[in-house]
Amino acid sequence: MANALKVGLAGVGTVGGGLLQLLAARGDALAALAGRPIQVVAVSTLEDRRNKSIDISAFRRVQDPVALANDPEIDVFVELMGGEGGVAKASVEAALRAGKHVVTANKALLAHHGTSLAKLAEKSGVALNFEAAVAGGIPVVKAIRESLQGNDISRVYGILNGTCNYILTRMERDGQSFAEVLKEAQAQGYAEADPTFDIGGFDTAHKLALLTSLAFGTEVSFDSVYIEGIEAITPADIEAADDLGYRIKLLGVALRTDSGIEQRVHPAMVPKHTSIAEVDGVLNSVAIDGDFVGEVVLVGRGAGGPATASAVTSDLIDIGRGHILPPFGAKASSLKPYKQAEMRAHEGGYYIRLSVYDRTGAFAAIASRMAEQGISIESIVQRRPRVELPGLDRSHKGSPAAVVMITHQTTEDAVRRALAAIERDGHVDAKPQMIRIEKL
Ligand code: HSE
């Protein structure tokens, strides 16, 4: 058998630990697949790493990840530390410059610096593989980069964050508020102590930016992603969605339009009968629309040590086989500049929930503001939610009532203008809630 593929591993946390376990458990089978043993020769990890159950005493320790990236013994630098800059960026750049292949799960790094790192990999003739960076164990990078190459892709979308999907699923099942479920999820270790990246939609946006480049052959453009998180979703919205035949999911959507590419992350109403609506809990799902293949939907574990290690391992096997492709499918030097479609030009149906003072003329004023913007209303109902809205006093006439509207196809710009006018008119006692209805 050929010489071992020698790996330097930076980061022995959940994913790094999972990788060491997988390589130990399946070493012979992997060697047979790769045509050579895959051997970790050195690791770089924090002294006070959390994942103490993994024994790393057999490996040479290199304290500085940049030194590990330059280590003459290694062929591949596996970066599992995370972080959009700092030592992760410095060490990945060092490895690529030194002619080492790189495997990383670091979506933040690639979302911000993917194009320049891909160019560096191309210049050095090495791999920059990142299957684990998008939807953990789901093999979506390979699916787009290799298996769907024959297609013109028009859209890629998905549930790309398990924490958000878990919270929305629990809110729906238990009727609990966002804050209550988040607190419980943190106590059980499902959500990070600082959950901002997940619940604010940023983690989804990092992954979406990578999917966009893979699908459309464009430079990575994280700054063009429109981002809304799930913090403002209430049990009243989830209940109304249910009655209307929808479920609410945090989606990442990249869509080619006549005016450019939309990249957006926001809670969306998805019809209950669609496959994405049925993806619950911490699972992720990615759907790809190709002109010849039609829709392809992948579902699986988007996080966790074993699932993410599975993705890292497949990248290592490819390198072992000498199967080296441009990181984003198209050659890095030929990635097209990203042309952004403005969010205000987005077209679709909208769910709008207003807390309206229950008085004569309020409905009429709202309807006329919508009409002024050319928005056609599909339905409008005054609702008494099964779940009470906090602070909603129904004891006397003139107190606010929940009004839910569904619009026909319109533009984001029209909806925003109409809602601003409705707020100015003073018939509502809170900021209007607006959730986009995704056409699937
Ligand atoms: N924190 C992510 C999630 C996994 O909740 O899905 C890593 O991106």
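Residue numbers run from 1 in the order of the sequence given. Counting convention: from 1, in listed order, for ligands and their atoms alike. All figures in this text were calculated on a predicted structure; none of them were measured in a lab.
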For Glu219 and Thr115, run side chain to side chain donor-acceptor pair (under 3.5 Å): C-alpha distance rounded to whole Å, both residues' side-chain angles, the deciding distance at 0.1 Å, then the answer.
CA-CA 6 Å; Glu219 293 176 349; Thr115 309; 5.2 Å; no

Quick test: of every protein heavy atom, which one is nearest to [atom], and how far off is it to 0.1 Å?
| atom | result |
| --- | --- |
| atom 4 (C) of ligand 1 | Ala303 CB, 3.7 Å |
| atom 6 (O) of ligand 1 | Gly162 N, 2.7 Å |
| atom 1 (N) of ligand 1 | Asp198 OD1, 2.9 Å |

Heavy-atom contacts with Thr163 under 4.0 Å: which atoms of ligand 1 show up? List them by number with element.
3 (C), 5 (O), 6 (O)

Going by the atom numbers of ligand 1, which of them fall below 4.0 Å from some non-hydrogen atom of Asp203?
2 (C), 8 (O)

Decide if the gap between the ring center of Phe77 and the ring center of His101 is smaller than 6.0 angstrom.
no

Can you tell me if Lys107 contacts ligand 1 (heavy atom of the residue under 4.0 Å from the ligand)?
yes

Kindly confirm or rule out an N or O of Lys207 lying under 3.5 angstrom from an N or O of ligand 1.
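Looking only at distances, the answer is yes, because the N/O contact criterion of under 3.5 Å is met.
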
Drop me the distance from Lys339's NZ to Phe216's CZ, to the nearest 0.5 angstrom.
13.5 Å

Would you mind checking if Glu228 and Arg436 are paired as a salt bridge, meaning a charged N to carboxylate O distance below 4.0 Å?
yes

Testing the 3.5 Å rule here: is there a donor-acceptor pair between the side chains of Tyr157 and Glu438?
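Side chains of Tyr157 and Glu438: no pair found under 3.5 Å.
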
Between Leu160, Asn106, Asn161, flag the one that comes closest to atom 3 (C) of ligand 1 by a heavy atom.
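Checking each option, the heavy atom nearest atom 3 (C) of ligand 1 is found in Asn161.
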
Validation row: Ile38, Arg26 side chains within 4.5 angstrom (heavy atoms)
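Counting from C-beta outward, Ile38 and Arg26 never come under 4.5 Å.
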
